[in-house]
Number of protein chains: 2
Amino acid sequence: MTAAPKPRQTRQRTEILSALAAAGDFRSAQQWHDVLRHESSTVGLATVYRALQSLAESGEVDAVVTDSGETLYRRCEAGEEHHHHLRCRRCGAAEEIDVPDFEDWAAKLARKHGYSSLDHTVEITGLCTVCARSSD
Amino acid sequence: MTAAPKPRQTRQRTEILSALAAAGDFRSAQQWHDVLRHESSTVGLATVYRALQSLAESGEVDAVVTDSGETLYRRCEAGEEHHHHLRCRRCGAAEEIDVPDFEDWAAKLARKHGYSSLDHTVEITGLCTVCARSSD
DNA sequence: TTGGTATTGATAATCATTGTCAATAAGCAA
DNA sequence: TTGCTTATTGACAATGATTATCAATACCAA
C-alpha cells in the first residue's frame with residue numbers, strides 16, 4: 001500500500017485550498033487556475049493539476065469526470081459524508097442529493113460478488129430548468 | 001429536437017456492429033479498432049470513433065467514461081433494460097447488476113428539482129477476487 | 001541557519017478524440 | 001440497371017486536457 005507521504009504546506013497549495021473554499025461549485029483544473037490568476041496569484045497550471053489530484057486522492061475534494069472527459073473538482077466540506085449530485089449537463093450546475101441506503105446496498109452487493117476496495121460513482125445528469133428552456 | 005437522421009448501412013458500420021456483438025465486454029474505441037484490424041478489416045480509426053459515438057447516442061451501445069477520461073463501449077443487448085455494472089478497476093471485468101428502484105427514484109428526484117432529459121451513471125468499482133489477491 | 005528533498009513552473013510531450021477534405025459508395029429515381 | 005445526390009470514409013492534421021521533464025526554489029527537521 002502507499003503510505004500517505006504527507007504533502008508540504010506551500011504557498012501555492014494554500015492558495016488553491018482557499019480558492020476551493022471560496023467557491024463551492026465544480027470547476028476544472030484550468031478554471032481553478034484562471035480563478036487564481038485573476039486573484040493575482042502566480043501558481044502554475046501544472047501545480048494546480050497536481051494539487052487537485054492529490055487532494056482528490058486524499059478525499060479532501062470531490063472529483064467528477066464529465067462526458068467529454070474533463071475532470072471537475074469541488075471542495076468537500078470537512079466532516080461531511082460521501083455524497084452524490086444531480087448535475088446539469090449543459091451549464092454544470094450541481095445540487096447535492098441524498099441517495100438513500102445506497103452505500104450500504106453497494107457494499108453488500110460487492111461483497112456478494114467477492115469484490116473489495118470499493119468505490120462508486122452515482123451521477124444523475126439532466127437539463128436544469130434554465131437550460132431546458134433555452135434548448136428548444 | 002434532433003430528428004434522428006437514420007444512418008446508412010455501410011460495410012464498416014456492419015463490421016463494427018459484429019465485433020461488438022462477438023465480444024461482450026467494455027473496450028475503448030481504439031481497442032475495438034485493433035480488434036477489427038486483427039480480423040483483417042480496413043476500417044479507419046476515425047470511423048470507429050464516429051460509429052461508436054452515434055451508436056451510443058441512439059442507445060444501441062452502452063458507454064462509460066473511466067477515471068482517466070477514456071470512453072469505453074459495449075454492446076447493449078436488444079430488448080434489455082437499462083442496467084448497471086460492478087467493474088474491477090484493475091482488470092476491467094464487469095458484472096451486470098440490478099439496482100432496485102433506482103430508475104424510478106432518480107426520475108422522481110430530478111423532477112422535484114425541475115430537471116429534464118435525464119440520464120444517469122451508476123458505476124461501482126472495486127477489485128475482483130483475482131486482482132485483490134495479486135495486489136498485496 | 002542549514003542541508004536534504006519535496007515542490008514549483010515553464011514548456012515539451014502524450015494521448016484520446018475531433019476536424020478536414022477529397023475520394024468513395026449507399027440508396028433512390030428513372 | 002444506371003446515374004445522381006449526398007452521407008460516409010480514411011489518412012492525417014489539429015485540438016485540448018492532462019502528464020512528464022528538469023533546473024530552480026522553498027519547506028522544514030535537525
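Chain identifiers are assigned alphabetically (A, B, ...) following the order of the sequence lines, protein sequences preceding nucleic acid strands; residue numbering begins at 1 within each chain.
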Rounded to whole angstrom units, what separation is found between the [atom1] atom of [X] and the [atom2] atom of [N]?
X: B/R13; N: C/dA25; atom1: CZ; atom2: P; result: 17 Å
X: B/R27; N: C/dT17; atom1: CZ; atom2: C1'; result: 20 Å
X: B/Q9; N: D/dT6; atom1: CD; atom2: P; result: 21 Å
X: B/R8; N: C/dT24; atom1: CZ; atom2: P; result: 16 Å
X: B/L45; N: C/dT18; atom1: CG; atom2: C1'; result: 11 Å
X: B/L52; N: C/dA16; atom1: CG; atom2: C1'; result: 13 Å
X: A/H33; N: C/dA10; atom1: NE2; atom2: P; result: 8 Å
X: A/Q30; N: D/dT18; atom1: CD; atom2: C1'; result: 8 Å

(request) Select from B/S28 and A/A46 the residue whose nearest nucleotide in DNA chain C is closer to the 5' end of that strand. (result) A/A46
(message) Nearest heavy atom decides the nucleotide; on that basis, is A/R11 or B/T10 closer to the 5' end of DNA chain C?
(response) A/R11
(request) Measure from the side-chain N and O atoms of A/Q31 to the backbone N and O of A/S28, and report whether any donor-acceptor pair falls under 3.5 Å. (result) yes
(request) Give a yes or no on whether the backbone of B/L20 and the side-chain of B/W32 come within a donor-acceptor separation of less than 3.5 Å. (result) no
(request) Enter the distance from B/T10:OG1 to B/I16:CD1 here, rounded to the nearest 0.5 Å. (result) 7.0 Å
(request) Rounded to the nearest 0.5 Å, what's the gap from OG1 on A/T71 to CZ on A/F26? Could you check? (result) 11.0 Å
Would you say [X] places a side-chain N or O within less than 4.0 Å of OP1 or OP2 belonging to [N]?
X: A/T47; N: C/dT7; answer: no
X: A/Q53; N: D/dT18; answer: no
X: B/Y49; N: C/dT17; answer: yes
X: B/T71; N: C/dA16; answer: no

(request) Treat each ILVMFWY residue as a node, draw an edge where side-chain heavy atoms are under 4.5 Å apart, and state whether B/L55 and B/Y73 are in one component. (result) yes
(message) Any donor-acceptor pair, under 3.5 Å, between the side chain of B/R50 and the base of C/dG19, if you only look at N and O atoms?
(response) no
(message) As a test of reading the structure: which of D/dA17, D/dG10, D/dT8 is closest to the side chain of B/T42, going by heavy atoms?
(response) D/dG10
